[in-house]
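Right, one structure below, let's go through it.
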Amino acid sequence: MRPRRTVLFVPGDSERKIRKAAMLDADCVVMDLEDGIAWSRKGAARKTATEALLTMDFGRSERAVRINAVGSGLEEADLKSTIVGRPDAYVLPKVETPAQLIRLDKMLDVLERRCEYEPNSTRVLALVETALGIMNLREIAQTSRRVDALMFGAEDLIGDIGGRRTQGRWEVFYARSKIVTTAAAFGLQAIDMVFVDLNDAEGLQAECQQAAELGFRGKMAIHPDQLPVTLAAFSPTSEQVSEAKRLIEAYETYQASGSGVFTLDGKMVEASMLRTAEQVLARAQGVE
Ligand code: COA
Ligand code: MG
């Protein structure tokens, strides 16, 4: 799977911002047709996003479109306009039931056939952001072969539950934890929520670090300034890489001499830590 450490959202009706986003080397650029677009601009956004897909060079960035929710009445037109630009992926918002993913799958099957694209080549990133979506995560994760990632939307969830966003983030801890655990269980990536305070660089850094510690593979971003700190948080540091290498070497040496458990720098090491070390090395090489 391709890495999605930085997933940059950009309003689908802003050619200027899309042009900028395409040059920022984000892992994924998502042109939004949903909640960031005024009702009166939905048509303009479809047109601008499609034109961007057809004409702009996004470099190595994945080209994605966030359509409106299945059931909104807008989703079919969103897909039909943009599919001709051959997006790499669609972000489906407000995923609550497997039926919504099945419906999207069917629409994409038809459109891929019509456009003569390889079947199932269009990937889906499922944005889960309602109480019902969190409760149905297990089924959502297993419904479609197109789904690569579970993304978490905090603002909608809090609106749904009726809580309040806090600096401590405990109000979304259960949902975030459930997202990373479910994603891991079914071989998907977990992508963390948007950080909305564009003036709080320290807050963003802390939230990115916590997300990486929880097991998220990346985070949504809404502004170019958020990209460097986000990328850094989801990329192993050179110290983490050398520590991982040292642990693996020591493990192999002890294993060869018949010991499965030993101490390194005063800490116990056994097979479970080997897996974490191997993941660090894989991620450092850009492998998911
Ligand atoms: N992608 C690409 N470029 C962006 C960008 C983005 N998401 N956000 C801002 N920029 C550009 C601006 O166009 C500006 O460049 P310019 O002066 O050459 O035009 C530069 O970065 C600095 O922007 P700034 O003035 O700090 O922000 P703003 O006030 O123009 O915009 C937001 C603030 C929040 C409206 C804007 O960042 C945005 O649209 N973010 C995406 C929102 C979104 O998609 N939400 C839905 C998903 S959660
Ligand atoms: Mg949302």
Side-chain angles (χ1 to χ4, degrees), residues 4-39 41-42 44-46 48-49 51-53 56-59 61-72 74-75 78 82 87 89-96 100 124-134 140 149-163 165 171-172 175-176 179 191-201 203-204 207-208 211 216 218-231:
R4 295 187 180 88
R5 298 159 297 188
T6 50
V7 178
L8 177 64
F9 277 75
V10 56
D13 63 345
S14 170
E15 196 205 314
R16 183 184 176 85
K17 281 184 192 161
I18 297 172
R19 201 168 285 287
K20 203 154 234 191
M23 297 189 314
L24 293 170
D25 203 38
D27 286 336
C28 177
V29 172
V30 184
M31 289 174 276
D32 186 26
L33 305 181
E34 199 221 7
D35 282 359
I37 300 299
W39 284 102
R41 298 279 297 164
K42 295 286 184 187
R46 281 178 195 135
T48 305
E51 201 55 32
L53 287 167
M56 286 184 205
D57 179 4
F58 284 73
S61 301
E62 178 176 39
R63 301 141 64 249
V65 175
R66 179 166 76 168
I67 60 170
N68 288 275
V70 169
S72 65
L74 299 170
E75 68 277 18
D78 290 345
T82 51
Y90 283 102
V91 172
L92 185 64
K94 301 186 178 67
V95 180
E96 304 197 291
Q100 291 171 312
V124 170
L125 314 178
L127 177 52
V128 180
E129 47 188 345
T130 63
L132 187 57
I134 296 296
I140 287 168
L150 299 176
M151 304 171 93
F152 173 56
E155 307 305 325
D156 275 282
L157 181 70
I158 286 305
D160 207 17
I161 291 179
R165 296 306 316 281
E171 70 285 0
V172 287
R176 288 169 92 203
I179 292 258
I191 316 284
D192 195 30
M193 58 200 185
V194 163
F195 188 79
V196 294
D197 188 346
L198 297 176
N199 298 313
D200 183 5
L204 173 65
E207 192 169 287
C208 284
F216 283 100
K219 191 170 176 70
M220 295 186 253
I222 48 167
H223 192 281
D225 290 353
Q226 293 186 326
L227 293 178
V229 60
T230 306
L231 179 64

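Just so you know, ligand 1 is whichever comes first in the structure, and atom 1 is the first atom listed for that ligand. Predicted model, so just to flag it, every value in this text is computed and none were measured.
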With the Mg ion (ligand 2) as the apex, the OD2/OE1 angle for Asp156 and Glu129 - to 10°: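 Vertex at the Mg ion (ligand 2): approximately 90°.
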
Any side-chain heavy-atom pair of Thr82 and Leu33 under 4.5 Å: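 Thr82 vs Leu33: side chains touch.
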
Would you say the side chain of Pro93 lies within less than 4.5 Å of the side chain of Asn68, judging by non-hydrogen atoms?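 No - every pair of side-chain heavy atoms lies 4.5 Å or more apart.
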
Looking at [atom1] of [X] and [atom2] of [Y], how far apart are the two atoms once the value is rounded to the nearest 0.5 Å?
| X | Y | atom1 | atom2 | answer |
| --- | --- | --- | --- | --- |
| Leu127 | Asp156 | CG | CG | 7.5 Å |
| Thr230 | Lys219 | OG1 | NZ | 7.5 Å |
| Leu227 | Thr6 | CG | OG1 | 5.5 Å |
| Asp78 | Tyr90 | CG | OH | 8.5 Å |

Test item, Asp32 contacting ligand 1 (heavy atom, 4.0 angstrom):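 A heavy atom of Asp32 does come that close to ligand 1.
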
Please confirm whether Glu155 approaches ligand 1 to less than 4.0 Å, judged on its heavy atoms.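 Under 4.0 Å: no for Glu155.
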
Nearest protein heavy-atom contact for [atom]: which residue, which atom, what distance?
| atom | result |
| --- | --- |
| atom 34 (C) of ligand 1 | Leu198 CD1, 3.9 Å |
| atom 20 (C) of ligand 1 | Lys20 NZ, 4.1 Å |
| atom 1 (N) of ligand 1 | Val10 CG2, 3.8 Å |
| atom 23 (O) of ligand 1 | His223 NE2, 3.3 Å |
| atom 39 (O) of ligand 1 | Lys17 NZ, 3.0 Å |
| atom 17 (O) of ligand 1 | Arg16 NH2, 4.0 Å |
| atom 41 (C) of ligand 1 | Ile222 O, 3.3 Å |
| atom 10 (N) of ligand 1 | Pro224 CD, 3.6 Å |

Check whether [X] reaches the backbone of [Y] with its side chain - one donor and one acceptor, N or O, closer than 3.5 Å.
| X | Y | result |
| --- | --- | --- |
| Glu207 | Gly203 | no |
| Gln100 | Val70 | yes |
| Asp32 | Phe9 | no |
| Asp13 | Ala44 | no |

Numbered atoms and elements of ligand 1 in range of Arg66, under 4.0 angstrom, heavy atoms: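 Those atoms are 46 (C), 47 (C).
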
Check this for me, if you would: do Lys94 and Asp35 make a salt bridge, where the nitrogen-to-carboxylate-oxygen distance has to be below 4.0 angstrom?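 Salt bridge: yes.
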
Is the Mg ion (ligand 2) under 2.8 Å from any N, O or S atom of Asp35?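 Looking at Asp35, which is the residue asked about, there is no N, O or S atom under 2.8 Å from the Mg ion (ligand 2).
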
Looking at the Mg ion (ligand 2), is there an N, O or S atom belonging to Glu155 that lies under 2.8 Å away from it?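 Here the distance criterion (N, O or S atom, under 2.8 Å) is not met by Glu155, so no.
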
Is the shortest N/O to N/O distance between Phe9 and ligand 1 below 3.5 Å?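 So ligand 1 has an N or O lying under 3.5 Å from an N or O of Phe9.
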
Would you say atom 25 (O) of ligand 1 makes contact with the protein, given that contact here means a non-hydrogen protein atom less than 4.0 Å away?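 No; the ligand atom in question lacks any protein heavy-atom contact below 4.0 Å.
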
Heavy atoms of the protein only: does one fall short of 4.0 Å from atom 31 (O) of ligand 1?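 Looking at atom 31 (O) of ligand 1, one finds that a protein heavy atom does lie closer than 4.0 Å.
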
